[in-house]
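So that the names make sense, note that chain A is the first sequence line, chain B the second, and so on, each numbered from 1. The shown structure was predicted, so the numbers you read here are calculated from the model rather than taken from an experiment.
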There are 2 protein chains.
Amino acid sequence: MATAKGKKTRVSDGVARERLLKSATLLFTRKGYAGATVREIVAAAGVTKPVLYYYFRNKEGIYLELMRGGFSRFDSLLEESLSVRGSAADRLTRLCTQVFSLFLDHIDVARVMYAIYYGPPQGAPFIDFDAYHRNLQDVVRGLVREGIRKGEFGKGNVDDMMWAILGALNVAMESRLCQPGDAVDQDGLGRVLKIIYRGIAPAGKRDPRGSDVRGKGGRK
Amino acid sequence: MATAKGKKTRVSDGVARERLLKSATLLFTRKGYAGATVREIVAAAGVTKPVLYYYFRNKEGIYLELMRGGFSRFDSLLEESLSVRGSAADRLTRLCTQVFSLFLDHIDVARVMYAIYYGPPQGAPFIDFDAYHRNLQDVVRGLVREGIRKGEFGKGNVDDMMWAILGALNVAMESRLCQPGDAVDQDGLGRVLKIIYRGIAPAGKRDPRGSDVRGKGGRK
DNA sequence: GTCTATATTGAGATAGAC
DNA sequence: GTCTATCTCAATATAGAC
């Protein structure tokens, strides 16, 4: 990230950039993409307009950078989950836990995404949120399928299992967005997933409740 | 509403009113609450401004009427579910099915609600969506508790079970909002709920109807 | 009263000095 | 990299003709 030449600057490289990203997130959240003005964003960041244009080209640029930051990490998680080894349940839990963790770490950016996705048109550049949603679905579906193939899960409708799992992840995230007080945390998500694994276990092989409550995977 | 003809109405009572509600829903969905002008709404409904004023007083009035329409039915469902008899699972499924049905019947109003809830401030009158969400949580939690008390569900964290069930309902609704093509339908929701009932069944006992989690879709 | 032309504002964006 | 100063443009507001 730092410039190769190590040129001296008034503030160290990227500080203003980070401040801008932060203030843009805050203001996009509070007033929407259209409602947040470049003036407010730079004022809140304690810099002047040209600084924003220097780093991000324009208002759309800083918005896209926000989105890209979140989604690139998300893509990494999906990719990583394909190479990780372990039981299907462990891999699913790992994936959900990591996605949830990413969500919690950037919940303010997530709010902006939700507002753009569900909210009215605001002139923001198009982001194909549905594609990311489908990617997650595909990965989860693949892991479920593998679990069935290995006999870890019972035979049944793969999509039903996928929806049950995504429902757990989804409700955890949205409970955070909606009621930060009484919401689902990482452990809660892990426990809800356990309920689902038990529900999709093969007919004869249901392990007793709470036989493995750890979220990091039973054996490693 | 006043069916008495105190005023001169050119169309039969309620027709213009319904047309206004429909066009307002459409325009609130497309352009947001703030973006939809009274002019457009009445034009789309084929009536004149005074007609809107007569039925709804103003833009806020027609918006509140939309919200009230959805939520009053929702409240009825919650209330009704308290008096219905049957197993906890049946009552939970019945409640979720009915809520989902209500959602599907008024999915365009639901879109407006989502946009207001998650979207940026648009100057719309405040609606306490969180309260409705909490109400649903409370009813589901109560039904889960009863299921545990009657031995239908195993002992365990009541909230975890509640979140699993709400996750299923939630993901069904949002899959409809997001990807109308490949979404969850009533049967799908029922099957996902079965998975969860199995997952929260008492340790030794298998839910008779949940013994087959296979849906008609099979593997996809 | 309503309409239209003009003024004003406030938005995003840029040039060039340092 | 950052600043001061400025530009363009569209929406809004207003004034004055009709």
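Distance CD (A:Glu40) to C1' (C:dA11): 11 Å, rounded to an integer number of Å. In this structure, A:Asn58 places its CG atom 17 Å from P of C:dA11, rounding to the nearest Å. Here the P atom of nucleotide C:dG12 and the OH atom of A:Tyr63 are 16 Å apart, to the nearest Å. Rounded to a whole Å, the CG atom of A:Leu52 is 11 Å from the P atom of C:dT14.
Nucleotides of DNA chain D nearest to A:Gly46 and A:Lys49 differ in position, and the one nearer the 5' end is that of A:Gly46. Both A:Tyr54 and A:Arg39 sit near DNA chain D, but only A:Tyr54 has its closest nucleotide nearer the 5' end.
Looking only at distances, a side-chain donor or acceptor of B:Arg111 sits under 3.5 Å from a matching main-chain atom of B:Leu177. Side chain of A:Glu60 to backbone of A:Pro125: no donor-acceptor contact under 3.5 angstrom is found.
Side chain of A:Tyr55, nearest nucleotide from D:dC3, C:dA11, D:dG1: D:dG1. Here the side chain of A:Thr37 is nearest to one of C:dA11, D:dT2, D:dC3, namely C:dA11.
Relative ring orientation between B:Phe71 and B:Phe74 is described as perpendicular, the plane-to-plane angle rising above 60° on a 0-90° scale split at 30° and 60°.
The side-chain heavy atoms of A:Leu26 and A:Asp108, taken from C-beta on, include no pair separated by under 4.5 Å.
Inspection of the A:Gln179 and B:Asp130 side chains reveals no N or O donor paired with an N or O acceptor under 3.5 Å.
Annotation: cation-pi pair A:Lys59/A:Tyr33 present, NZ/CZ under 6.0 Å from the ring centroid and within 45° of its normal.
Side-chain nitrogen and oxygen atoms of A:Tyr53 include at least one within less than 4.0 Å of the OP1 or OP2 phosphate oxygen of C:dA13. Between A:Thr48 and the phosphate of D:dT2, there is no side-chain N or O to OP1/OP2 separation shorter than 4.0 Å.
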Take A:Tyr197 and A:Glu152, measure what side-chain hydrogen bond (donor to acceptor under 3.5 Å, both in side chains) needs, and give me the verdict at the end.
-> CA-CA 9 Å; A:Tyr197 300 150; A:Glu152 191 180 339; over 6 Å; no
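Contacts with DNA chain C (heavy atom under 4.0 Å) in residues 18-32 of chain A: none are found.
Using a 4.0 Å heavy-atom criterion, one finds that A:Ala36 contacts the sugar-phosphate atoms exclusively.
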